[in-house]
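Below: the structure, in structure tokens.
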Protein chains: 2
Amino acid sequence: MKKETKNLALKRLSAYLSEKKLRATSQREIILGTFIDMGKHTTAEELYEALKKFDSSIGHATVYRALRLFVDAEIARELNFNDGSVRYESIVGKEPHDHIICKKCGAMVEFLDESIRQAQDEIAKKYGYALKNRSHILFGVCPKCRR
Amino acid sequence: MKKETKNLALKRLSAYLSEKKLRATSQREIILGTFIDMGKHTTAEELYEALKKFDSSIGHATVYRALRLFVDAEIARELNFNDGSVRYESIVGKEPHDHIICKKCGAMVEFLDESIRQAQDEIAKKYGYALKNRSHILFGVCPKCRR
DNA sequence: GTCTCTGCAAAGCATTTGCATGTAC
DNA sequence: GTACATGCAAATGCTTTGCAGAGAC
């Protein structure tokens, strides 16, 4: 299942690369594979560290450039949890969703609320905007930390 | 009306300062007054530049520290439009609201949707979180830029 | 007088950029 | 062979911090 996600992501990458006449490099494949393996909400720095473990030759800049590429290719999306660095999450084979995060311990829940999505669509329509991304993050204190 | 907002903000600041046994300094007053005057979605850097115009002695760090103070005092809130720096907005005498922003030109509309607020409350309740902040920003292409 | 606040400059991060070299096509 | 991609190191931009002196209470 993780394997399938990875294949799907790689397929999407190569489709995007050939569509845009960009080059398929081993780095891009390796970075994408590692990114998918890591699970979610990854920092460029965290991904760079993970990559170093089995291919120490991949540079800092390449990781940053690859992540931007993945966003353009609609393989990943940016998340900003206001913790100092941008995080990336794979959107391959995933339901759209939002996040609620504990301000104390960082515990996070993903949720999907259809009524919110619809309201967002209506708002965009009302103001004549073509909706591209939705950044919706709730901050609170989780049950454990409330005790 | 702007005057009243400013007075309200200053009052809230001094209440917070005495509650927390912190000191009322002229810098804090000046920074708050200028912040309110500037209107909304201000960067620390922008505020610093504005301040330099009539009091060149206020330092960088003081502006950053003051803005954090205003957030703690519930005079301002942080906004992250993913444009590289944190923005601050006064919440004194204002309805709660969210933003929809044009990815091309930056045009921005504020909106308030009660159904979204309620859905957020329900989600927080469902997962047992005590809701503290809501970060909800939509990105799209505005009517002008779509033409 | 004490303790906090300020201004300055330096430090700290995350991210981007310039450039020479490498490599996909 | 010709772009485009990469790695490196330097640069950039935002924000924080350490510290000595200034100011509030």
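In this text the structure is predicted, and so the values were computed from the model without any measurement. Only heavy atoms go into these numbers, but all of them, side chains included; no hydrogens, no water, no symmetry mates. Every chain is numbered from 1 and lettered A, B, ... according to where its sequence line falls, protein lines coming before strand lines.
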**Request:** Tell me which nucleotide among dG7(C), dT6(D), dT15(D) gets nearest to the side chain of Thr25(A).
**Result:** dT6(D)
**Message:** So if I take every side-chain heavy atom of Ser57(B) and compare against dC5(C), dG7(C), dC4(D), which nucleotide ends up nearest?
**Reply:** dG7(C)
**Item:** Listed nucleotide nearest any side-chain atom of Glu45(A), set dT23(C), dT6(C), dA14(C)
**Value:** dA14(C)
**Complete:** Checking dC25(D), dG7(D), dA9(C) against the side chain of Ala24(B) (C-beta onward), the nearest is dC25(D)
**Prompt:** Which value, rounded to the nearest 0.5 Å, describes the distance between Phe35(B) atom CZ and Thr42(B) atom OG1?
**Reply:** 5.5 Å
**Prompt:** So what does Arg65(B) touch, heavy atoms closer than 4.0 Å: a base, only the sugar-phosphate, or nothing?
**Reply:** base
**Message:** Can you tell whether the side chains of Arg68(B) and Glu78(B) come within less than 4.0 Å, N to carboxylate O?
**Reply:** no
**Prompt:** Could you state the CG-P distance from Asp83(A) to dG12(C), rounded to the nearest angstrom?
**Reply:** 20 Å
**Message:** Tell me whether the side-chain N or O atoms of Arg28(A) pair up with the base of dA5(D) as donor and acceptor below 3.5 Å, since no angle test is needed here.
**Reply:** no
**Prompt:** Whole Å only: how far is the CD atom of Gln27(B) from the P atom of dT4(C)?
**Reply:** 17 Å
**Request:** Specify the separation, in whole Å, of atom CZ of Arg23(A) and atom C1' of dT2(D).
**Result:** 7 Å
**Message:** What is the separation between atom CD on Glu46(A) and atom P on dT15(C), rounded to the nearest whole Å?
**Reply:** 10 Å
**Request:** Look at the side-chain N and O atoms of Tyr64(A) and state whether any lies under 4.0 Å from the OP1 or OP2 oxygen of dT16(C).
**Result:** no
**Prompt:** In whole angstroms, how far is the C1' atom of dC25(D) from the NZ atom of Lys20(B)?
**Reply:** 19 Å
**Message:** Checking contacts here: which listed nucleotide (dT15(C), dT15(D), dA9(C)) is nearest the side-chain heavy atoms of Ala44(B)?
**Reply:** dT15(D)
